[in-house]
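Can you keep this structure in mind? I'll have questions shortly.
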Amino acid sequence: MTHSFALHVPDADLEPEPLDPGQIVSGAPEVSGKVVWESEDGRRLRGIWQITPGVVTDTEADELFVVISGSATVEVEGGPVLTVGPGDMAVLREGDRTTWTVHETLRKVYAINR
């Protein structure tokens, strides 16, 4: 998108984003998302991401996100344990190794810088 825009996040349509089976620790979590804006050089992304309950691992990008709905506990290896729910903002640093325990389907909006 090249113009300013507004989007109602709670009911925005998302596309499936299959998880690498090696990331799943327990449960059968499913991920979906949508990139709503990307810089011309591909280094900055803005989007919506959703995950259903379960436990997954990830290696993070430099990201700021705000939770719209749901809840999770995000354990940062060698760092803090973040408990996030609706209205919470969180910052993850590039290279953070995390374990996400999703208690209730979580939907977030994010800004990633690569």
Side-chain angles (χ1 to χ4, degrees):
M1 294 186 168
T2 58
H3 302 286
S4 299
F5 65 94
L7 179 64
H8 188 69
V9 174
D11 59 4
D13 289 330
L14 306 179
E15 298 292 325
E17 295 180 1
L19 276 168
D20 174 344
Q23 290 182 268
I24 299 172
V25 176
S26 68
E30 295 180 4
V31 171
S32 56
K34 179 178 188 170
V35 173
V36 299
W37 181 86
E38 184 174 351
S39 64
E40 287 186 26
D41 63 5
R43 295 179 51 87
R44 295 177 295 147
L45 301 169
R46 309 298 183 250
I48 304 166
W49 186 82
Q50 180 170 289
I51 185 169
T52 62
V55 180
V56 298
T57 61
D58 199 10
T59 301
E60 303 298 336
D62 181 17
E63 176 182 0
L64 176 144
F65 69 85
V66 176
V67 177
I68 303 302
S69 59
S71 63
T73 303
V74 183
E75 297 177 52
V76 179
E77 187 177 286
V81 175
L82 312 174
T83 302
V84 296
D88 290 333
M89 180 183 83
V91 174
L92 298 171
R93 297 294 177 201
E94 184 173 1
D96 279 351
R97 296 174 56 86
T98 57
T99 300
W100 290 68
T101 302
V102 181
H103 310 291
E104 180 183 359
T105 297
L106 182 131
R107 182 174 282 217
K108 67 179 184 177
V109 293
Y110 64 83
I112 291 176
N113 296 312
R114 300 185 207 183

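Values below: all heavy atoms of this structure, side chains included; hydrogens, waters and symmetry mates excluded.
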Quiz item: Are the side chain of Thr52 and the backbone N or O of Glu30 linked by a donor-acceptor pair below 3.5 Å?
Solution: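 It does hold such a pair.
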Quiz prompt | Under 3.5 Å side-chain donor-acceptor pair for Asp96 and Thr98 | solution =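 No pair is found: no donor N or O on one side chain lies under 3.5 Å from an acceptor on the other.
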Self-check item: Spatial distance of atom OG1 (Thr73) from atom NE2 (His103) [nearest 0.5 Å]
Solution: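 Here the interatomic distance stands at 3.0 Å.
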Quiz item: Do Thr105 and Pro53 have side-chain heavy atoms sitting under 4.5 Å apart?
Solution: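 Sidechains of Pro53 and Thr105: in contact.
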Self-check item: Check: Gln50 side chain, Leu106 main-chain N or O, donor-acceptor pair, under 3.5 Å
Solution: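 Answer holds: no.
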Quiz item: Would a 4.5 Å heavy-atom cut-off, applied to side chains only, mark Ile48 and Ile68 as touching?
Solution: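 Contact flag for Ile48/Ile68 side chains = no.
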Quiz item: Got a second to check how far Gln23's CD is from Trp100's CH2, nearest 0.5 Å?
Solution: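 One gets 11.5 Å once the value is rounded to the nearest 0.5 Å.
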Quiz prompt | Crowding at CG, Asp13 (>12 non-hydrogen neighbours, <6.0 Å) | solution =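 Count not over threshold, so no.
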Exercise. Please report the closest heavy-atom contact between Ile112 and Ala61, naming both atoms and the distance.
Key: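 Smallest interatomic distance, heavy atoms only, reads CG2-CB, 3.7 Å.
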Self-check item: Distance-minimising heavy-atom pair for Pro86 and Ser69
Solution: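 For Pro86 versus Ser69, the nearest heavy atoms are CG-CA, 4.0 Å.
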Quiz prompt | Shared hydrophobic cluster, Val31 / Leu14 (ILVMFWY, side-chain heavy atoms < 4.5 Å) | solution =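 No: no chain of side-chain contacts under 4.5 Å links Val31 to Leu14.
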Quiz prompt | Distance (rounded to the nearest 0.5 Å) between Glu60 CD and Glu94 CD | solution =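 Nearest 0.5 Å value for the CD-CD distance: 10.5 Å.
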Practice problem: Indicate if Phe65 and Val9 have the same hydrophobic cluster label, given that clusters are the connected sets of ILVMFWY residues with side-chain heavy-atom separations under 4.5 angstrom. | Solution: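 No; Val9 is not reachable from Phe65 via cluster members.
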Exercise. With the side chain counted from C-beta on, respond yes when Pro29 and Leu19 share a heavy-atom pair under 4.5 Å apart, and no when they do not.
Key: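 Pro29 reaches Leu19 side chain to side chain.
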Quiz item: Got a donor-acceptor contact below 3.5 angstrom from the Arg43 side chain to the Asn113 backbone?
Solution: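 Checking the backbone N and O of Asn113 against the side chain of Arg43, no donor-acceptor pair under 3.5 Å is found.
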Quiz item: Taking all non-hydrogen atoms of both residues, which atom of Asp41 and which atom of Arg44 are closest, and how far apart?
Solution: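 Asp41 and Arg44 have their closest heavy atoms at OD1-N, 4.3 Å.
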Self-check item: Passing option when Trp49 is tested against Lys34, Arg107, Glu63, Glu17 for side-chain contact (heavy atoms from CB on, under 4.5 Å)
Solution: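 Testing each of Lys34, Arg107, Glu63, Glu17 against Trp49, the sole residue satisfying side-chain contact (heavy atoms from CB on, under 4.5 Å) is Glu17.
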Quiz item: Side chains of Tyr110 and Leu45: does their closest heavy-atom pair fall under 4.5 Å?
Solution: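 Yes - at least one pair of side-chain heavy atoms lies under 4.5 Å apart.
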Quiz item: Are Leu82 and Val66 connected in the hydrophobic side-chain network, where two residues link if heavy atoms are under 4.5 Å apart?
Solution: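 In one cluster: no.
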Quiz prompt | In one Ile/Leu/Val/Met/Phe/Trp/Tyr side-chain cluster, 4.5 Å: Val36, Leu64 | solution =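 Shared cluster, yes.
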Quiz item: Is there a path of hydrophobic side-chain contacts, each under 4.5 Å between heavy atoms of I, L, V, M, F, W or Y residues, that connects Val109 with Leu7?
Solution: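 Linked within one cluster.
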Self-check item: Pair Asp62 + Arg93: basic N to acidic O under 4.0 Å
Solution: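 Yes, this pair counts.
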